[in-house]
2 protein chains.
Amino acid sequence: MALTPRDGELAVLLERESGSRWVIPWEAPRGDERLDDVAQRVVRESSGSAPSWLSQIGAFADGRHPSDLDLSVGYVALVPMGAGDEPPSNEAEWRPVSEVAGLGERQATILQGALATVRDRLDLQPIAFRLLPVSFTLSELQQMYELLLGRRLHKASFRRALQAAFLVEPTDEWRSEGRGRPAQLYRYAPKRRRRGRRGVRFDLLG
Amino acid sequence: MALTPRDGELAVLLERESGSRWVIPWEAPRGDERLDDVAQRVVRESSGSAPSWLSQIGAFADGRHPSDLDLSVGYVALVPMGAGDEPPSNEAEWRPVSEVAGLGERQATILQGALATVRDRLDLQPIAFRLLPVSFTLSELQQMYELLLGRRLHKASFRRALQAAFLVEPTDEWRSEGRGRPAQLYRYAPKRRRRGRRGVRFDLLG
DNA sequence: TCAATAGTGTCTGTTAGACATTATGGA
DNA sequence: TCCATAATGTCTAACAGACACTATTGA
């Protein structure tokens, strides 16, 4: 399942089934093909772009597969910004995740798992950077994090944490976008290892 | 794959294959059986105990399955303390994870995934409590967390966080264990919802 | 000049880790 | 008495969120 940022929201790529139902693009493995390679191939063929990040979600057997297969192995792929601006060739379409409705039970479970997987890994892998162009403003980076996390972040805190992590370096370019003061462009340039985990969290549901 | 605390370390249940190799217990689904139910059944049959916690790890196709199946769906199950004291019936054995060697490539990947999955969920689900008896001392609880996380924790911080989380309540019993001052017994009794996540972490590898 | 956005400085409350201290039983 | 463990209090550094402020452009 491919996700991409579009219009300030996450969009998911769906394909029209032979009937009229929308389904997550899928294919069976060919020969000894690795699972990751199958997922890569499905994303390239359905979206027209190569994914810039890919992760397995898990195996799903509840509900129904579009072709009645017993087992689905779900993957989530992120496709860089801009790739979702024009719809890909065949019967596929980018749909904002908030407007997706009428999926089958298994398909809906996979979509929820995809969002959860992205949010889980966001602080451990440079996911947001792979969705942006090489040069970006800090506001764009923050907006990408907010998009992927699905919640607002505090500007000053975001920049403080980013500075402390030595993840980006400023370029000498600036970009003026409409009204306000121009923003400096940055690039992803990780420099140091990060701090070790501190403490234990007891974030149970209660 | 079943894990249990034993001798201050995590132990994993392995079965002897027809040859002489040790493999993770497995079975194919029967009919329309749900994946979680298959995993439950495998754990009960191989360990003799019902798992007190169960989670899917993912689908694995690289490497080789003991019976050359294309795809393995890995699960990790935790079995309460004490169940691993005596080995189960057939050709199965609890082995400390640190001493496991000579597994196949796919099996080794699943074992690593099992440990990672447990550690990932430890702060979101009451995993540690399901491994302990209903009454336990705070030191025992901390040792369980340390066992599952694979690292030492700070005593005062651990208790402070635990208190703030309203997860346990004291009983009026005490237990004297060898030398020092007796410890009060506690029971798991979650009371309030936890705080929401704060901030963003940039724990990338760099 | 006003509006809008970028970027920064300061304050405060929370929390984790270090350290010390008291409490209480067994050897 | 000495030792080992439980349990708790205090201090400090790190950090997140709030808020205000300056900077710089276009309308």
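Chain letters run A, B, ... following the sequence lines, proteins first and then strands; every chain starts at 1.
Glu146(B) pairs in a salt bridge (charged side-chain N to carboxylate O under 4.0 Å, His left out) with only one of the listed residues (Arg119(B), Arg151(B), Arg152(B)), which is Arg152(B).
The interatomic distance linking Arg179(A) (CZ) with dA23(D) (P) rounds to 20 Å, in whole Å. Computed from coordinates, the Phe202(B) CZ to dA14(D) C1' distance equals 16 Å when rounded to whole Å. When rounded to the nearest whole Å, the span between CD of Gln142(B) and C1' of dA6(D) equals 12 Å. Across the protein-nucleic acid pair, Leu138(B) atom CG and dT8(D) atom C1' stand 12 Å apart, rounded to whole Å. For Arg160(B) and dA6(D), the CZ to P distance is 18 Å, given to the nearest whole Å. Between the CG atom of Leu141(A) and the C1' atom of dA6(C) there is a distance of 15 Å, rounded to whole Å. One can place CZ of Phe158(B) at 12 Å from P of dA6(D), the figure rounded to the nearest angstrom. Atom CH2 in Trp174(B) sits about 17 Å away from atom P in dT5(D), given to the nearest Å.
Among the atoms of the strands shown, none is found under 4.0 Å from any heavy atom of Glu177(B). Residue Thr137(A) is out of contact with every strand shown, counting any heavy-atom pair closer than 4.0 Å.
OP1 or OP2 of dA7(D) has not a single side-chain nitrogen or oxygen of Arg181(B) nearer than 4.0 Å.
Between Glu169(A) and Arg187(A), at least one side-chain N (NZ, or NE/NH1/NH2) sits under 4.0 Å from a carboxylate O, which counts as a salt bridge. A salt bridge links Arg175(A) with Glu140(A): at least one charged nitrogen is closer than 4.0 Å to a carboxylate oxygen.
Looking at Ser176(B), its side chain has no donor and acceptor atom pair within 3.5 Å of the base of dG25(C).
Checking Ser72(B) against Arg106(B) by side-chain atom types alone, a donor-acceptor pair falls below 3.5 Å.
Comparing His154(B) and Ser139(B) by the nucleotide of DNA chain D that holds the closest heavy atom to each, the one mapping nearer the 5' end is Ser139(B). Mapping Gln184(B) and Ser157(A) onto DNA chain D via the closest heavy atom, the residue that lands nearer the 5' end is Gln184(B).
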